[in-house]
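Presented below is the structure to which this report refers.
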Amino acid sequence: DQQPFECTYCAAWNEAATPYQLAENTWYVGTSGLSSVLISDSGELALIDGALPQSAAQILSNIESLGFDPQDLRWILNSHAHFDHAGGIAALARITGATVVAGEKGVIALVEGPYHPDDPQAGYGESARFPSVSDVNPVKDGDTIMVGDTEITAIASPGHAPGGMSWTWQSCNNAGCKDVVYLDSLSTVSAKDFRFSDHPDTVKDLETSMNRIGDLPCDVAISAHPDRTPQAQADVTVCEEYADRARKRLAQQLASETE
């Protein structure tokens, strides 16, 4: 379950990254091109996303370098079930014993793989298969996961992938609390023969996800691909800017299909 996955961008995505603190109880522990975020409270840990199968060792090393014990990992949460965000989850769950959590439709891809049949990338087929996860707990929009006293809320964000989830929680210190958001992908990356204009339900899912994410309280945010996390613009939060960029990409995609 740690055999390297080969793809055009995998080597660059998997380059080492130094872990760093995002907020009071939150650290970036992913690779250079694929996010993985650690949340700590009262001796318990939760991890969001597992990057590639070959990323698992690096994520565990980053966790240890911050002074945490991976065996305290209670939860592994998934944004969406594609090889570049869920590929390392099987190994991470096996090594730490953590419980895996994903959106209801994401469970299908994690357990049975490689894709939910409604996924825009389903046409990649077996070439994109990653290690399956034997036991996954499903969640729906608004469900919560507790790590210590920190409540992590699932925010449904399907469209890029069925069952996609963003995650939000509060990070507090003596100066007050900040709303932290892990942003699921909202891009229109798809298999060659997939046309979004032929799938109005998928377009509707994307539009609903963009509105939901754009409206979130959002003091600190990181996207599933860290280099795609925008900067806040004046009175516009990162989440609003992220959603607005996704709307523009979707409009461009639909226009190109019409042409």
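Quick note: residue numbers are just sequence positions, from 1.
- In this structure, Leu77 CG and Ile89 CD1 are separated by 8.5 Å, a value rounded to the nearest 0.5 Å.
- The two residues Phe196 and Val203 have their closest heavy-atom pair at O-CG2, 3.4 Å.
- Counting non-hydrogen atoms of other residues, nucleotides and ligands closer than 6.0 Å to CD of Gln3 gives a total of 12 or fewer.
- Within the 4.5 Å cutoff, the side chain of Asn25 has heavy atoms near those of the Trp169 side chain.
- Residue pairs meeting the disulfide (SG to SG under 2.5 Å) criterion with at least one partner in residues 79-189, sequence neighbours excluded, are Cys172-Cys177.
- When only modelled atom types and interatomic distance are considered, Asn14 and Thr31 share no side-chain donor-acceptor pair under 3.5 Å.
- In this pair, Phe83 and Trp13 present their aromatic rings tilted. The plane angle is within the 30 to 60° band.
- Side chain to side chain, Asp49 and Tyr182 meet the donor-acceptor criterion of an N or O pair below 3.5 Å.
- One distance of note links CZ of Phe130 with OH of Tyr115; it measures 8.0 Å at 0.5 Å rounding.
- Between the side chain of Tyr20 and the backbone N or O of Val29, no donor-acceptor pair lies under 3.5 Å.
- Here the side chain of Gln58 pairs a donor or acceptor atom with the backbone of Ala17 at under 3.5 angstrom.
- Atom CD of Gln231 is surrounded by 12 or fewer heavy atoms from other residues, nucleotides or ligands within 6.0 Å.
- Under the 4.5 Å side-chain criterion, counting only non-hydrogen atoms from C-beta, Ile95 is in contact with Leu60.
- Across all non-hydrogen atoms, the minimal contact from His85 to Ser79 is CB-OG, 4.0 Å.
- With hydrogens and angles left out, the side-chain atoms of Ser157 and Ser209 include no donor and acceptor closer than 3.5 Å.
- Taking the side-chain hydrogen bond (donor to acceptor under 3.5 Å, both in side chains) definition, one finds that Arg74 meets it with Glu44, sequence neighbours left out.
- A donor and an acceptor atom, one from each side chain of His82 and Asp119, are located under 3.5 Å apart.
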